[in-house]
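Okay, so here's the structure we're looking at.
Scope of the values below: all heavy atoms of this structure, side chains included, with no hydrogens, waters or symmetry mates.
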Amino acid sequence: MTAHQLILKQRAELLAVLCGGGSAEPLDCVLDLLLACEVLVWEDYLSIRVLPEEQKAGLCFGKECAVLGKNRPDTATLTLLADRPVLVRKLRDNIDGALNALLTTGCFTIKDCDAVQLPVYTPSQQVRRLLDQVRFKGETAAKTLLQYLEQTETTRPNPEDKENHLSANCLLYQKKLRSSVAAQSHSLSTYGGTGRFSLDDIYTDGLLEVMDGSGETLTLGLEDVVGPLGTLNEDADTVLVSGEAGSGKSTLLQRLHLLWAREALLTNTFLLFPFSCRKLNSEHRELSLKELLFLHCCWPDRSQDEVFQFILDHPNLALFTFDGLDEFKQGFTDEERHCCPTKQVPIPILLFNLLQGTLMKGVMKVATSRPQAVGPSLKHYLRKEVLLKGFSPGGIDCYVKKHHSDPAMARRVIESLQANTVLLSLCHIPVFCWIVTKCHQELLGGQDVIPQTITDVSLLVLQHFFQRKSPQPQGVLGKAWLEEHLDTVLKLGQLALEGLEASCYVFSGYELQRNGLTEQDVSLGFLIYCNDLSVTDCKRYEFLHITLQCFFAALYVVLNRNSDRSAVSRLFQPQYRQLSGLSQRCLGHCIDSSVEEVESHVTETPNLQITAQFVSGLLSQRHHNLLLECCPTAVRERKVKQVVKSLSKGMQRHFKSIPRPVEGEKKSMHAMPSFVWLIKCIYEMQDNSIAQDTMAKLDVEHLKLTYCNIGPVECTALSYVLKYLRNPVGLQLDNNSVGDVGAEQLLPCLHICHSLYLRNNNISDEGIRKLLEKGMKCESFQKIALFNNNLTDACTQHFALLLKSKQNFLSLRLGNNNITSQGAEQLAEGLSYNQSLQFLGLWGNKIGDRGAEALAAALKNSTTLIWLSLVDNGVGSAGACALAKLISQSKTLEQLWLNKNCISREGVECLIEALKMNSSVKEVWLRGNNLSPEEEEELSKQESRLTF
């Protein structure tokens with residue numbers, strides 16, 4: 001059989017190989033060989049080279065090629081053609097030196113050098129362009145290049161020296177990978193690709209927190225994400241960065257990538273491989289680990305096997321990042337184990353085994369996700385979980401100033417936000433901060449409706465985008481602007497909703513065409529082009545942000561007159577199953593035709609919950625006029641009733657789950673995150689009667705919302721609804737992200753709170769000032785707990801005023817803050833006038849002896865104090881002796897906690913003498929003071945109520 005017949009017979013197999021790669025390099029190698037062997041003349045070569053890039057990018061043909069033996073050419077220019085495959089390999093590591101030699105001899109100009117070294121070219125492509133330029137420059141340039149290569153041959157490492165050869169290949173690959181990652185991470189896209197922000201110019205740090213093994217919350221910097229701080233499982237390799245939609249997870253990873261590429265961070269990481277789970281969804285082939293790394297991140301120009309072996313041999317030098325784990329179609333499972341790096345398996349199996357460490361143990365992995373999407377099975381394999389909590393108040397100011405080069409404009413935007421605390425609370429979520437900053441002209445120009453909800457803000461950005469494209473003078477839109485663009489909104493909305501139902505966030509040109517979307521629609525900016533997908537060569541699009549996709553889906557549900565009557569109520573059903581046509585059609589060009597049926601899957605609940613919030617907001621009365629001509633009144637009213645009914649049913653499910661109280665305890669409800677979501681939906685509707693009817697059915701004395709990701713936005717919604725409770729409750733919001741702005745948002749419901757628990761919520765003196773100013777006027781307000789916040793001595797004057805004015809206040813707990821003796825003295829002034837306080841906790845501050853003396857003096861006449869904690873406050877024997885006087889005079893004190901202080905034997909003896917005169921005190925805790933074991937044993941025998 002001839003070679004020609006062999007090629008024809010194996011045509012299908014050859015095509016499969018040629019279309020299976022992710023780089024044009026192998027094809028160029030073949031072209032080099034055909035040129036060298038004179039199979040192709042120069043004109044043939046050029047005609048192939050001008051093929052569209054999308055036709056060449058997917059072709060692959062073997063590895064490097066060698067020139068067949070033939071007579072040596074007579075001239076240097078012909079030598080460049082005959083030895084082209086070898087020259088490409090030799091010059092890859094010497095491109096700078098070769099250009100310098102040509103520049104020095106006058107064969108090349110600086111312009112010629114720049115044309116060769118364009119950053120869009122790979123090193124091999126740069127060499128080929130160099131050879132082409134030299135050939136056209138003539139014999140002198142060709143001889144100069146060949147002479148340079150002869151001179152460098154003597155200094156080149158021995159190819160047989162595998163260690164040096166491997167190092168060179170790996171360094172070359174690292175250089176290419178850094179260049180690729182830097183190019184992808186340099187900019188943030190704005191709408192429609194019409195503008196780009198440099199990440200350096202716009203990036204603003206968010207609040208990063210991690211909880212250590214003792215339950216204490218630690219604040220992290222970007223460099224700590226993969227560092228040891230907060231590590232809970234030393235044997236695990238995966239770090240999870242979790243945060244709500246729009247909190248800045250993707251941008252944080254992008255910043256991490258860029259700093260690595262610049263060698264400014266993660267300096268111990270030799271290779272960093274970034275992955276997008278959204279885009280891995282579109283990979284339907286089975287891949288090996290090697291193919292995943294090289295096809296989806298960066299293709300090595302040579303020695304793929306050696307580079308991959310280096311990764312396998314040195315897993316501690318690699319870092320994998322997976323952005324958007326919550327957007328991956330399949331939920332995490334550890335049922336199918338896979339540990340072979342060269343075996344091809346489906347992408348989910350590959351990903352899950354990487355995360356759990358079955359595959360490539362030792363490689364550090366960083367994944368981002370929304371909290372609700374991470375189940376217990378995955379958390380078992382986490383090294384630590386880092387919480388990204390959006391912007392701090394200072395971060396909002398910083399972001400606005402970076403966004404506006406005009407300081408006066410930035411100042412006006414910041415002032416307008418400070419005047420509208422509800423809008424300011426929304427800006428703690430970076431995506432809404434971006435919207436508000438982008439739409440500053442609409443905000444400063446005055447709106448008929450002041451933005452209060454995420455729906456208001458999203459309508460603002462919708463209006464802003466349409467206004468940009470308005471043909472009217474100065475882009476002015478009429479009051480019926482939504483009706484004028486209804487067709488575009490519905491087309492985008494249908495695409496968005498079908499995508500959400502199929503967990504699809506990337507759309508082909510075919511999907512856009514099927515929905516009737518035109519280039520003009522795309523140019524509005526709601527869809528952006530995905531330019532970093534390597535699976536196929538056709539264009540793909542995604543919504544500017546997942547929140548925007550949810551908003552368009554909501555618009556479609558509300559405005560589509562022909563929608564299924566159950567479309568609204570279905571959004572409020574927990575984790576309903578939906579078999580969508582798009583799940584079969586989306587990215588259909590990538591799906592193997594042998595797949596007979598796409599399995600139905602659980603709809604991604606978090607995104608549909610956001611969509612339900614938008615639906616609630618769009619159906620609020622405040623947007624009735626805007627939607628009047630777009631949606632018939634009867635249809636709108638029907639959908640409003642559906643939302644109200646769904647919210648009522650959802651709340652009833654929670655109320656029915658409230659357990660009966662144990663005898664002697666208060667009736668308590670421990671709310672789940674879905675309860676908070678329903679509250680936010682009610683808030684979006686801005687209907688007092690709905691909030692009032694809902695709260696009328698809630699009969700509890702204590703409402704617990706710990707670890708529920710409560711931030712300023714959630715505080716606004718909670719306050720709006722809870723203010724209608726019939727009876728006062730204890731509101732427990734420990735371990736959330738309330739902050740100063742969130743504390744201020746709670747003021748409208750403070751009158752209905754007899755107790756407020758805000759432990760570990762990043763609240764400062766300013767937030768407490770506003771809270772206490774309102775608290776003094778609320779008769780029911782009697783208890784507050786603020787353990788582990790950012791309080792200083794400045795807050796104590798406000799607490800002193802509260803204690804003076806409220807003679808029914810029962811409990812004050814300020815542990816683990818930054819209160820010194822000065823703050824204790826200020827607090828003592830208020831305590832001396834108070835005759836109601838029963839519990840005072842100052843554990844983990846720095847009040848010392850002086851502070852203890854001031855508190856003891858102020859409390860000696862108290863007729864109500866039951867419990868006092870001064871643990872870990874630097875109290876010595878002098879302070880203990882002052883507290884002994886309090887013991888001797890108090891008739892109500894039962895427990896005194898003095899662990900982890902500096903009390904010596906002298907101070908304990910004072911306490912013993914005082915206890916002899918007071919039988920009502922039950923315990924005095926003294927563990928961890930300046931006493932020897934022998935002294936502790938002796939003193940405990942003298943007084944049994946002492947606990948060492």
With heavy-atom distances below 4.5 Å as the criterion, would you say the side chains of [X] and [Y] are in contact?
{"X": "Gln254", "Y": "Leu258", "result": "no"}
{"X": "Leu524", "Y": "Thr488", "result": "yes"}
{"X": "Leu517", "Y": "Leu495", "result": "yes"}
{"X": "Phe614", "Y": "Leu459", "result": "no"}
{"X": "Leu293", "Y": "Leu271", "result": "no"}
{"X": "Phe551", "Y": "Thr611", "result": "no"}
{"X": "Asp456", "Y": "Leu423", "result": "no"}
{"X": "Phe322", "Y": "Thr238", "result": "no"}

Give me the ring orientation class for [X] and [Y]: parallel if the planes are under 30° apart, tilted from 30 to 60°, perpendicular past 60°.
{"X": "Tyr399", "Y": "His403", "value": "tilted"}
{"X": "Phe352", "Y": "Phe328", "value": "perpendicular"}
{"X": "Phe466", "Y": "Phe526", "value": "perpendicular"}

I need the minimum non-hydrogen distance between [X] and [Y], along with the two atoms involved.
{"X": "Leu325", "Y": "Ala367", "result": "CD2-CB, 4.3 Å"}
{"X": "Cys427", "Y": "Cys433", "result": "O-CB, 3.4 Å"}
{"X": "Pro430", "Y": "Gly390", "result": "CD-CA, 3.9 Å"}
{"X": "Cys681", "Y": "Phe572", "result": "SG-CE2, 4.0 Å"}
{"X": "Ala612", "Y": "Trp677", "result": "CB-CZ2, 3.7 Å"}
{"X": "Tyr556", "Y": "Gly493", "result": "CB-C, 3.5 Å"}

Measure from the side-chain N and O atoms of [X] to the backbone N and O of [Y], and report whether any donor-acceptor pair falls under 3.5 Å.
{"X": "Tyr173", "Y": "Cys298", "answer": "yes"}
{"X": "His623", "Y": "Leu619", "answer": "no"}
{"X": "Asn515", "Y": "Leu492", "answer": "no"}
{"X": "Arg178", "Y": "Trp260", "answer": "yes"}
{"X": "Ser620", "Y": "Gly617", "answer": "yes"}
{"X": "Arg255", "Y": "Tyr203", "answer": "no"}
{"X": "Lys639", "Y": "Val557", "answer": "yes"}
{"X": "Gln613", "Y": "Glu684", "answer": "no"}
{"X": "Ser185", "Y": "Val181", "answer": "yes"}

Centroid separation His428 to Phe391 less than 6.0 Å: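 Distance test on ring centres: not under 6.0 Å, no.
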
Close aromatic pair by centroid cut-off 6.0 Å: Phe273 and Phe320: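 Aromatic pair counts; centres sit under 6.0 Å.
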
Reported [atom1]-to-[atom2] distance for the pair [X] and [Y], which is rounded to 0.5 angstrom:
{"X": "Cys277", "Y": "Glu327", "atom1": "SG", "atom2": "CD", "answer": "8.0 Å"}
{"X": "Leu497", "Y": "Leu571", "atom1": "CG", "atom2": "CG", "answer": "7.0 Å"}
{"X": "Cys631", "Y": "Leu559", "atom1": "SG", "atom2": "CG", "answer": "6.0 Å"}
{"X": "Ser282", "Y": "Phe507", "atom1": "OG", "atom2": "CZ", "answer": "12.0 Å"}
{"X": "Leu388", "Y": "Leu253", "atom1": "CG", "atom2": "CG", "answer": "10.0 Å"}
{"X": "Leu627", "Y": "Glu483", "atom1": "CG", "atom2": "CD", "answer": "10.5 Å"}

Could you tell me which residues satisfy side chain to side chain donor-acceptor pair (under 3.5 Å) with [X], sequence neighbours excluded, listed by chain and number?
{"X": "Thr251", "result": "none"}
{"X": "Glu286", "result": "none"}
{"X": "Ser566", "result": "Asp564, Arg570"}
{"X": "His257", "result": "Thr321"}

Are [X] and [Y] within salt-bridge range, i.e. N to O under 4.0 Å?
{"X": "Glu244", "Y": "Arg370", "value": "no"}
{"X": "Lys402", "Y": "Asp201", "value": "no"}
{"X": "Asp323", "Y": "Lys249", "value": "no"}
{"X": "Arg540", "Y": "Glu542", "value": "no"}
{"X": "Glu498", "Y": "Arg514", "value": "yes"}

Could you list all the salt bridge (Lys or Arg N to Asp or Glu O under 4.0 Å) pairs where at least one residue sits in residues 553-563, not counting sequence neighbours?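 Counting only pairs at least two positions apart or across chains, no salt bridge (Lys or Arg N to Asp or Glu O under 4.0 Å) contact touches residues 553-563.
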
Start with the C-alpha gap between Asp521 and Lys491, add the side-chain angles, then the distance that decides, and say whether salt bridge (charged side-chain N to carboxylate O under 4.0 Å, His left out) holds. CA-CA 9 Å; Asp521 296 326; Lys491 288 185 290 186; 3.0 Å; yes

Under the criterion side chain to side chain contact (heavy atoms under 4.5 Å, CB included), I'd like the reasoning laid out for Leu555 against Leu490: C-alpha separation, chi angles, the key distance, then a yes or no. CA-CA 7 Å; Leu555 283 165; Leu490 287 174; over 6 Å; no

CA sep, side-chain torsions, deciding dist, call: Leu351, Lys365, side chain to side chain contact (heavy atoms under 4.5 Å, CB included): CA-CA 11 Å; Leu351 173 60; Lys365 280 85 62 176; over 6 Å; no

Any luck finding a side-chain donor-acceptor pair between Ser523 and Glu519 under 3.5 Å?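 No.
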
Checking side chain to side chain contact (heavy atoms under 4.5 Å, CB included) for the pair Cys550/Leu500: CA distance, chi angles, key distance, verdict? CA-CA 8 Å; Cys550 293; Leu500 291 180; 4.2 Å; yes

Test salt bridge (charged side-chain N to carboxylate O under 4.0 Å, His left out) applied to Lys680 - qualifying residues, sequence neighbours left out: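 Once residues adjacent in sequence are excluded, the partners of Lys680 under the salt bridge (charged side-chain N to carboxylate O under 4.0 Å, His left out) criterion are Glu714.
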
Would you sort out whether Leu252 and Leu208 count as a side chain to side chain contact (heavy atoms under 4.5 Å, CB included), showing the intermediate values? CA-CA 10 Å; Leu252 180 142; Leu208 284 170; 3.8 Å; yes

